[in-house]
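Working notes, structure below.
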Amino acid sequence: MRWYFGSADPQRAWDELLGSRRLAVDVETVDLVDRTPIGIGVAASGEEAFYLSIFDNPYLPEVLAKLRDGRVQKIYHNSPYDLAVLRPFGIDISNTEDTAILCRLVGYPADLPSASFWVDMQTESAKDLMARHKAKNMLGVPTDKVGLKCSTDTLATFRLFEKLIPTADSKYYQMERAMLPVLETISRGGIGVDQERRAQIEEHYAREVEYYNAICSGMGFSAGSPYQVGFILAKRGNFLPLTRSKRQLATDEITLSRLSDPLAQMVLLYRRAEKFLGTYLRPLAGVDRAYTTLAMDAVTGRVNSSRMNLQNLPKQKESGLAPTVRSIFIPDNKVFTIIDASQIELRVLAYLSGDRRMLEVFQSGGDIHAETMKVMGMTDRINAKKFNFAMVYGADESVISGHTGIRDQAAIRRWTQSWMEGYAGAAAWIWEQRKKGWQDAKVTTLLGRQLKVPLDKGQKHAENCGVNYPIQGSAAEIFKLIMLDCRHLLDVTRVQVHDEEVFDGDVREKLDLEALAHVSPVYTPLEVRIAERWG
DNA sequence: TCGGAAGGCCC
DNA sequence: GTACGGGCCTTCCGAT
């Protein structure tokens, strides 16, 4: 029922816990997929903890009362997970702290087993615990062992928080902390799904898949198996390169789209249909809302979306014939209001590098890609745009070649050269960041967050990260500030996609666009549009 | 049953 | 001879 982990008097510890204004909390669930809670661990110190089984436990109401109390500070390690699991209990989410975020801010590994060494503790991941007990899920582990694990986690969490309180005072942590209830509220709210439309689109793609499947199985292969696709295409006389691991023939989209064999084109159509069906259409059958889990555990500080990723929904294809997956999402209040921080990453590059020409374009409301055309003496705006992104990502000649269709590598080098001459300030900054990435193995964002650069993937990769991390990380920070400024719209906030936020209903008059453009020193005007469907 | 590889969607 | 930064998810298929 109630397990006590400590070396003093359980009753005294319990009374102290119930009087405490600061609790470390951890929830155990069936497993990572089935997030049904089975127990809650709480600690009001770094020495004593309790574990409560969730089922019919007379002590549970007292703990839940603490969790519901906004005056009580709740410390979690990876709070988005616990907040989502505890959602049915109606807990307070406003007074949330998160030691995983603190760990990231001080450059310490954020997984608890690693972090706990820092506070003289040893914790075990749920996965390892289950493996040690040869259990399929946590229900297969003896309850006292689950309780020990959970309690140990809360003790480590409590200790980590105490140790990292100086960091918790930082402006940066306070921003992240403020984001936690925002992300939980969006995750909890979900977005409407038009079942009629969904079923209609599912039928469309199911028919396609059925058709292609009939043909392929008639030919003796499965269209869903890259290995078999490579084998059959090669047998029909197509040349296919090897995959990176050299274990099989490459059959990716780029490769297949270059083949004249109609079978290759059919495989591509099959894959698209199957992808839409398996990832979006079938999983949303029969639900009136779609829910995601938003977190901030990307290395650059970006918001990420999982358990129904709403950040990678296919956009409308220009062909027009195939129905778009995005159109199944509908507003509760007739329309969506969509704000978009256009060109935010290039604005960040302009700001961080102080490149005069870029800054001039952005401040005068010009078109950066058109300016790049002029800078480079190019006639194709699409390719100018690709060069801009190539510079941000650190693409080499062959990658740019594949992307732009410019076959002559020397020509690409000349274009790159003229980009660097035209944007000399940006080029110098990029050069500097590449050096930093490889030599210092860490770089800094706009708001001062230090990002560790991985060195294990080689020098080129580290150099690219040196450029991209601060750009992507700073853009993420600016957009978080924008989201925090939109908290009065939280109840109608539906989706965040890095530089885009979707609100339910027409909220234009509730947006202070002037203020939003100036949340940070990087000028970030927002494009606003109203749409009956998303996408 | 698990996990790597391959493929593919987003910014 | 050579990786374009950050994510998430699905299917296939061989290893355990």
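Note on naming: letters A, B, ... go to the chains in the order of the sequence lines (proteins, then strands), and numbering restarts at 1 for each one.
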Please give the distance between the C1' atoms of C:dG1 and B:dG8 as a whole number of Å. 27 Å
N/O donor-acceptor pairs under 3.5 Å from side chains in residues 526-535 of chain A, not counting sequence neighbours:
| from | atom 1 | to | atom 2 | distance (Å) |
| --- | --- | --- | --- | --- |
| A:Arg533 | NH1 | A:Asp194 | OD2 | 3.3 |
| A:Arg533 | NH1 | A:Ser327 | O | 2.5 |
| A:Arg533 | NH2 | A:Asp194 | OD2 | 3.1 |
| A:Trp534 | NE1 | A:Glu500 | OE2 | 3.3 |

Once each nucleotide of nucleotides 6-16 of chain C is scored for protein heavy atoms under 4.0 Å, what B/S/- sequence comes out, 5' to 3'? BBBSS-SS---
Pull out every residue in residues 197-221 of chain A that has a heavy atom closer than 4.0 Å to any atom of DNA chain C, ordered by number, or say none. none
Does A:Asp340 have any side-chain hydrogen bond (donor to acceptor under 3.5 Å, both in side chains) partners at least two apart in sequence or in another chain, and if so, which? none
In this structure, which one of A:Gln433, A:Gln439, A:Arg434, A:Lys435 forms a side chain to side chain donor-acceptor pair (under 3.5 Å) with A:Glu463? A:Arg434
Is it true that the side chains of A:Gln417 and A:Arg414 contain a donor and an acceptor less than 3.5 Å apart? no
Contacts satisfying salt bridge (Lys or Arg N to Asp or Glu O under 4.0 Å) that involve residues 285-301 of chain A (not counting sequence neighbours) are A:Arg289-A:Asp332
Which residues satisfy the side-chain hydrogen bond (donor to acceptor under 3.5 Å, both in side chains) test with A:Thr524, sequence neighbours excluded? none
Identify each donor-acceptor pair in which a side-chain atom of residues 389-401 of chain A lies under 3.5 Å from a protein atom, sequence neighbours left out, and give them as a table.
| from | atom 1 | to | atom 2 | distance (Å) |
| --- | --- | --- | --- | --- |
| A:Asp396 | OD1 | A:Ser398 | N | 3.2 |
| A:Asp396 | OD1 | A:Ser398 | OG | 3.1 |
| A:Asp396 | OD1 | A:Val399 | N | 3.0 |
| A:Glu397 | OE2 | A:Arg413 | NE | 3.0 |
| A:Ser401 | OG | A:Ile406 | O | 2.9 |

Only counting residues at least two apart or in another chain, list the ones meeting side-chain hydrogen bond (donor to acceptor under 3.5 Å, both in side chains) with A:Glu124. A:Arg132
So which pairs with a foot in residues 448-462 of chain A pass salt bridge (Lys or Arg N to Asp or Glu O under 4.0 Å), sequence neighbours left out? A:Glu176-A:Arg449
Using 0.5 Å steps for rounding, measure from the CG atom of A:Leu447 to the OG atom of A:Ser520. 7.5 Å
Interface with DNA chain C, restricted to residues 440-448 of chain A and to heavy atoms under 4.0 Å: none
All side-chain hydrogen bond (donor to acceptor under 3.5 Å, both in side chains) counterparts of A:Arg347, not counting sequence neighbours: none
Expected list for residues 408-426 of chain A near DNA chain C, using heavy atoms below 4.0 Å, is none
I'd like the C1' distance from C:dC4 over to B:dG4, given in whole Å. 22 Å
